[in-house]
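Everything on this sheet refers to the single structure shown next.
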Protein chains: 2
Amino acid sequence: MKDIAREVGVSVALVSYVLNNRFENRINKDVAEKIRNTAQKLQYRPNQIAKSLKTNKTFTIGLIVADISNPFSSSLARIIEDEGAKYGYTVIFGSSDEDLAKFEALTNAFINRQVDGLILLPPSGSEALLLRLKAMRFPFVIADRYFPKLEAHCVNVDNLKAAYDAVSLFVEHGKKAVGLINYKTDLAHLNDRTKGYTQALKDAGVSVNKNWIRKVDISNDPPEIEKAVAALLSAPSVNAIFLHRIVLRCML
Amino acid sequence: MKDIAREVGVSVALVSYVLNNRFENRINKDVAEKIRNTAQKLQYRPNQIAKSLKTNKTFTIGLIVADISNPFSSSLARIIEDEGAKYGYTVIFGSSDEDLAKFEALTNAFINRQVDGLILLPPSGSEALLLRLKAMRFPFVIADRYFPKLEAHCVNVDNLKAAYDAVSLFVEHGKKAVGLINYKTDLAHLNDRTKGYTQALKDAGVSVNKNWIRKVDISNDPPEIEKAVAALLSAPSVNAIFLHRIVLRCML
DNA sequence: CTGAAAGCGCTTACAG
DNA sequence: CTGAAAGCGCTTACAG
């Protein structure tokens, strides 16, 4: 900008104004034209870093997913990225791998990079951290999950209702002995599925056999689920399984 | 930093020094300790933007792949990201979708964001742009592809040799009438495959029937390839097909 | 219609 | 051992 100003013989301020299309009505057309031309000639590229330092905006948003190798995460990331791009935002990613420490480290790294906001899929145990974020008024929204005691912006699916509907569908089709495979977790959105399942059966007048419910270790996902499926299939009374894991479609 | 300096009663410079662990040997241990403590207390977070403006380093690298929805791109991106993270770098992505204009726009956007360097999978026709990058001494490395007339850092696989070896394997197993499906393109790395294919058959004393070679439109990939496969399969003489497209494994 | 100047939050020669 | 000061490349009240 200094070079342009010198070449055209105006102030840096004026260069800034015309290159940002500000006060267009009260700037001399010819001067503006000349500034634009020399900017072109000198191959001027605005330094976004300097701009950010001044304006306090980086047009960057940080996204922390739970496990990037999960197709759910990657397609989510892709969509958020595309949507952000529409508004001129870059989104930078991180994967917490459901690990609290990693989640915290990523959050801090993103904040230090001055992201304008955070989209978070927080692992269990991260309430305190989120509370701190809230206290410092750092903009964030939670996706996919939620914490019942934490008031925050979030976008979720109604897991309880979804599970309720799925299980009810089984019942309508005469499958009343429905097995459930869920994760051993304290993430509310996952436990909501168990609630929906239980409620649906209850409403259908089916008394749930507790052997029908299998909770598997989330960190050892495919093999554990495979075992659980086998166990349920060999349980004589079960005639349907409610299992919510996209990746496993192929397995069944 | 100003707040810390005021609180401890030292200069901002000193705060900067101790927080960056510089001149450790000649700074008063007690003062350093006190600075670190108040930094902690005040929940100091370094502003990376300001740091970058001064140091001219963002520890960010830009990666432009050809088509992010292609598993090749996404796994590449994942690996580069992980590798970058080891060295404290964030990598930000973009997908050119093999489009020159989009490629140029992304390149500019990344440069304006002051990435420290670029990793590029350039679309055909991008030589001029790359030349400009080179002329302005902007650091970049080309991956996966190359332009014969452009000298630049790049990491590639030897497509010619790979195709040669693959086709030779067919020949060794008695399949001498090998069909080839390749893209209609002027990307050298892809045409190298045709060269390797041709050379392998030539070296085996097989005279290539030109009906064996099918070139399909890259932008209409799956259906076109499907057609080409069908065409080759119905050609009576062909007894093997060299087809280089990971995604299609399932199709055959 | 245009410019001088302060300032964003840091780093870094330089001086003492 | 420590600090005053300049400067990175911008933006933006403010004055004229």
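Sequence lines set the chain letters: A, B, ... in the order given, protein chains first and strands last, and positions in each chain run from 1.
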Checklist line | NZ/NE/NH1/NH2 to OD/OE distance under 4.0 Å, B:Glu7 and B:Lys41 | finding: yes
Next item on the list: Could you tell me whether B:Lys34 atom NZ has more than 12 heavy atoms of other residues or ligands within 6.0 Å of it?
Entry: no
Notebook entry, point to check: Quick one: do the B:Thr60 and B:Arg113 side chains pair a donor with an acceptor below 3.5 Å?
Noted result: no
Margin query: Between C1' on D:dG9 and CD1 on A:Ile4, what's the gap in Å once rounded to a whole number?
Written below: 12 Å
Margin query: Any base atoms under 4.0 Å from B:Asn25, or only sugar-phosphate, or nothing? Heavy atoms, all strands.
Written below: sugar-phosphate
Check: Ring centroid separation for B:Tyr87 and B:Phe59, is it under 6.0 angstrom?
Finding: no
Note to self: Just the rounded figure in Å: distance from C1' of C:dC1 to NZ of A:Lys34.
What the structure shows: 15 Å
Checklist line | NZ/NE/NH1/NH2 to OD/OE distance under 4.0 Å, A:Asp116 and A:Lys57 | finding: yes
Next item on the list: Starting from P on C:dG9, measure out to CD on A:Gln114 and report it in whole angstrom.
Entry: 9 Å
Next item on the list: Send over the distance from A:Glu33 CD to C:dT2 P, rounded to a whole Å.
Entry: 14 Å
Next item on the list: Starting at the 5' end of nucleotides 10-16 of chain C, put B wherever the base has a protein heavy atom under 4.0 Å, S where only the sugar-phosphate does, and a dash everywhere else.
Entry: BBBB---
Check: In chain order, what residues pass the side-chain contact (heavy atoms from CB on, under 4.5 Å) check against A:Asp82, with sequence neighbours excluded?
Finding: A:Arg78
Next item on the list: Kindly determine whether B:Ser16 and B:Met1 satisfy side chain to side chain contact (heavy atoms under 4.5 Å, CB included), including the steps that lead there.
Entry: CA-CA 7 Å; B:Ser16 169; B:Met1 282 184 52; 3.4 Å; yes
Next item on the list: Using heavy atoms to find the nearest nucleotide of DNA chain D for B:Leu53 and B:Asn28 separately, return the residue whose nucleotide is more 5′.
Entry: B:Asn28
Checklist line | B:Asn159 and B:Arg193: CA distance, side-chain angles, deciding distance, side chain to side chain donor-acceptor pair (under 3.5 Å) verdict | finding: CA-CA 5 Å; B:Asn159 279 282; B:Arg193 297 176 186 170; 2.7 Å; yes
Notebook entry, point to check: Once you round it to whole Å, what is the distance between C1' of D:dC1 and CD of B:Glu24?
Noted result: 15 Å
Margin query: Without decimals, in angstroms, what is the distance between A:Asp3 CG and D:dG9 P?
Written below: 10 Å
Margin query: Could you tell me how far apart A:Ile27 (CD1) and C:dG3 (C1') are, to the nearest whole angstrom?
Written below: 12 Å
Margin query: Using the rule side-chain contact (heavy atoms from CB on, under 4.5 Å), only one of B:Ile61, B:Val141, B:Leu130, B:Ile111 pairs with B:Leu118; which is it?
Written below: B:Ile111
Check: For DNA chain C, what string of dots and brackets results from 5' to 3' when Watson-Crick and G-U pairs need both distances under 3.5 Å, crossing pairs get [ ], and pairs with another strand get |?
Finding: |||.||||||||.|||
